Protein chains: 2
Amino acid sequence: MSRIKEIENKLVHAKYKLTTPRRLIMEILLENEGEHLTAEDIHNRLREKGQPVGLATVYRTLELFCELGILSRLNFEDASSYYELEEHDQHHHHLICLACNRIIEFSDELLEDFMVSIERKYGFEVTDHKIKYLGYCSHCRN
Amino acid sequence: MSRIKEIENKLVHAKYKLTTPRRLIMEILLENEGEHLTAEDIHNRLREKGQPVGLATVYRTLELFCELGILSRLNFEDASSYYELEEHDQHHHHLICLACNRIIEFSDELLEDFMVSIERKYGFEVTDHKIKYLGYCSHCRN
DNA sequence: CCTCCAAGTGATAATGGAATTCATTAATTT
DNA sequence: AAATTAATGAATTCCATTATCACTTGGAGG
Ligand SMILES: [Mn+2]
Ligand SMILES: [Mn+2]
Ligand SMILES: [Zn+2]
Ligand SMILES: [Zn+2]
């Protein structure tokens with residue numbers, strides 16, 4: 001099943017429509033998979049492509065997609081939120097270089113056991129988690 | 001050595017002074033240790049105590065204290081930043097209940113090994129890290 | 001096809017946390 | 001004491017995000 005079809009299913013299942021603006025936003029996200037985009041980034045790229053979508057709609061759509069588990073909202077240490085497609089298979093997190101702002105991704109499979117121990121210890125049902133390591137990347141250390 | 005003296009040392013060592021506004025802000029933080037306070041919280045409590053400090057100074061001081069490692073800046077999933085005193089002995093992180101917004105703290109000593117493996121694998125020098133688990137606390141689950 | 005109408009959109013204004021400005025004040029040095 | 005420097009705070013600005021509201025869209029039902 002194509003990625004876009006899969007997403008349409010999620011929308012329809014939650015009683016939403018795949019409107020033109022929503023499809024255009026999804027296309028931008030798919031075309032830029034692997035990047036971390038802000039709402040404004042997406043708004044700009046749509047304008048540049050001659051397929052403008054209102055900024056308010058971009059924000060609303062990103063929020064909706066986050067609720068549906070299509071996207072993740074990321075907070076690096078600046079003022080904006082960044083978005084990336086959620087990969088249902090492998091979850092990853094981010095190393096944030098304080099010198100050059102490079103973002104390096106790492107998988108968290110090794111943290112599974114730790115998470116389970118936290119759930120047991122606190123009777124807390126974990127539905128999501130976010131891990132950030134801040135420091136200096138291999139280009140910037142020393 | 002008293003907590004306030006210890007902090008004064010950090011300031012002086014970094015060529016800053018322990019001015020009255022800085023001391024007042026530090027007192028609020030010490031009096032409310034264990035809480036997670038916003039800049040506005042601190043500003044309000046100072047006003048209520050009859051020891052007002054300008055909001056700009058509160059922000060500047062919190063930023064300075066973060067740089068000096070006296071405070072940690074926390075981002076739960078809302079718009080504001082929260083601050084807490086950094087305990088040099090035990091680092092902790094937060095479970096965030098999506099239903100009642102309770103914040104539960106947990107220690108991260110078990111994550112030490114994982115952090116070291118990340119440093120090795122990516123040649124990344126970790127100077128700080130932030131871990132959040134989102135979900136439902138024992139009062140809210142089910 | 002048409003009509004209807006809830007759902008969705010988008011230009012614009014409003015919001016609010018945080019950063020900046022700049023005149024004033026406090027502390028330090030000469 | 002004068003001069004230099006650091007810090008303060010009221011006011012302003014910034015800027016990402018949210019709210020508003022008149023308008024548009026597009027699918028369900030005829
Ligand atoms: Mn990523
Ligand atoms: Mn805490
Ligand atoms: Zn770097
Ligand atoms: Zn709860």
Side-chain angles (χ1 to χ4, degrees), chain A residues 7-28 36-68 70-83 101, chain B residues 7-8 10-28 36-68 70-84 101:
Chain A
I7 287 154
E8 182 170 7
N9 285 349
K10 278 193 184 173
L11 280 170
V12 170
H13 182 262
K15 313 260 184 283
Y16 295 102
K17 303 172 206 165
L18 181 58
T19 61
T20 302
R22 285 174 184 162
R23 188 177 41 72
L24 292 173
I25 290 166
M26 184 47 55
E27 282 170 12
I28 291 291
H36 303 118
L37 301 174
T38 64
E40 205 116 11
D41 289 337
I42 292 165
H43 180 246
N44 288 337
R45 292 188 194 191
L46 285 165
R47 219 169 7 79
E48 287 159 14
K49 281 177 78 180
Q51 300 171 320
V53 171
L55 187 54
T57 299
V58 173
Y59 275 105
R60 279 187 294 238
T61 302
L62 294 174
E63 191 188 352
L64 176 63
F65 285 2
C66 283
E67 279 166 19
L68 298 178
I70 295 166
L71 289 184
S72 299
R73 173 190 276 108
L74 309 176
N75 281 103
F76 302 144
E77 300 290 288
D78 63 2
S80 326
S81 290
Y82 295 81
Y83 298 84
N101 297 314
Chain B
I7 286 154
E8 182 170 7
K10 277 193 185 174
L11 280 170
V12 170
H13 182 262
K15 313 259 185 284
Y16 295 103
K17 304 169 210 164
L18 182 59
T19 60
T20 302
R22 286 173 184 161
R23 186 176 43 72
L24 291 173
I25 290 166
M26 183 48 54
E27 282 170 12
I28 290 292
H36 303 120
L37 301 174
T38 65
E40 205 115 10
D41 289 337
I42 293 165
H43 180 245
N44 287 337
R45 291 187 195 193
L46 285 165
R47 219 169 6 77
E48 287 159 15
K49 282 178 77 180
Q51 300 171 320
V53 171
L55 187 53
T57 300
V58 173
Y59 275 107
R60 279 187 293 239
T61 301
L62 294 174
E63 190 187 352
L64 176 62
F65 285 2
C66 282
E67 279 167 19
L68 298 179
I70 295 166
L71 289 183
S72 300
R73 171 190 275 108
L74 309 176
N75 281 102
F76 303 142
E77 299 291 287
D78 63 1
S80 330
S81 290
Y82 294 82
Y83 298 84
E84 69 181 3
N101 297 313

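What you see is a predicted model, and the numbers here were worked out from it, not measured in a lab. By convention in this document, chain letters (A, B, ...) are assigned in the order of the sequence lines, proteins followed by strands, and residues within each chain are numbered from 1.
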Open item on the list: Looking at B/T19, I'd like to know whether one of its side-chain N or O atoms comes within less than 4.0 Å of OP1 or OP2 on C/dA27.
Closed with: no
TODO: Provide, to the nearest angstrom, the distance between the CG atom belonging to B/L64 and the P atom belonging to C/dA19.
DONE: 13 Å
TODO: Measure the spacing between CG of A/L24 and OG1 of A/T19 and express it to the nearest 0.5 Å.
DONE: 8.5 Å
- [ ] Check whether any side-chain N or O of A/T20 sits under 4.0 Å from OP1 or OP2 of D/dT24, and answer yes or no.
- [x] no
Open item on the list: So for atom OH, which belongs to B/Y16, do other residues, nucleotides or ligands contribute more than 12 heavy atoms lying within a distance under 6.0 Å?
Closed with: no
Task: Rounded interatomic separation in angstrom, taking CG from B/D41 and P from C/dG17 - done: 10 Å
Task: Pair B/F76 and B/H36, ring centroids less than 6.0 Å apart - done: yes
Task: Axis-to-axis angle between the two ends of the helix from C/dC1-D/dG30 to C/dT30-D/dA1 (five base pairs per end, rounded to 10 degrees) - done: 30°
TODO: Round to the nearest Å and state the distance from B/L74 atom CG to C/dA18 atom P.
DONE: 12 Å
- [ ] Could you tell me the separation between the CZ atom of A/F76 and the P atom of D/dA16, rounded to a whole number of Å?
- [x] 16 Å
- [ ] Quick one: closest heavy-atom pair of B/S72 and B/C66, and the distance?
- [x] C-SG, 4.2 Å
Open item on the list: Just to be sure I understand the rule, does B/T38 reach a base, reach only the sugar-phosphate, or reach nothing, if contact means heavy atoms closer than 4.0 Å?
Closed with: nothing
Open item on the list: Is it the case that the side chain of A/R22 and the backbone of A/K17 share a donor-acceptor pair, with hydrogens and angles ignored and the cut-off at 3.5 Å?
Closed with: yes
Open item on the list: What is the separation between atom CD on A/E63 and atom C1' on D/dT18, rounded to the nearest whole Å?
Closed with: 9 Å
Task: Nucleotide nearest A/A79 when distance is taken to its side chain, options D/dA16, C/dA18, D/dA7 - done: D/dA16
Open item on the list: Under the criterion side chain to side chain contact (heavy atoms under 4.5 Å, CB included), I'd like the reasoning laid out for B/L74 against B/S81: C-alpha separation, chi angles, the key distance, then a yes or no.
Closed with: CA-CA 6 Å; B/L74 309 176; B/S81 290; over 6 Å; no
Open item on the list: From NZ of B/K15 over to P of D/dA7, roughly how many Å is that when rounded to an integer?
Closed with: 12 Å
- [ ] Specify the separation, in whole Å, of atom CG of B/N75 and atom P of C/dG17.
- [x] 13 Å
Task: Closest to side chain of B/K17, choosing from D/dA16, C/dT9, D/dA6 - done: D/dA6
- [ ] Let me know the distance between OH of B/Y16 and P of D/dT5, rounded to the nearest Å.
- [x] 17 Å
TODO: Answer yes or no: is there a side-chain heavy-atom contact under 4.5 Å between A/M26 and A/F65?
DONE: yes
TODO: Would you check if B/V12 and B/E8 make a side-chain contact, meaning some heavy-atom pair closer than 4.5 Å?
DONE: yes
Task: Nearest to side-chain heavy atoms of B/R22, which nucleotide of C/dA18, D/dA7, C/dT9 - done: D/dA7
Open item on the list: Could you report the tightest heavy-atom contact between B/L68 and B/K10, atom names first, then the distance?
Closed with: O-CD, 3.7 Å
- [ ] Return yes if some donor-acceptor pair links the side-chain N/O of B/T61 with the main-chain N/O of B/T57 below 3.5 Å, else return no.
- [x] yes
Open item on the list: Which residues in residues 46-62 of chain B have a heavy atom closer than 4.0 Å to any atom of DNA chain D?
Closed with: B/V53, B/G54, B/A56, B/T57, B/R60
Open item on the list: Of the options D/dA16, D/dG9, C/dA18, whose atoms approach the side-chain atoms of B/P21 most closely?
Closed with: D/dG9
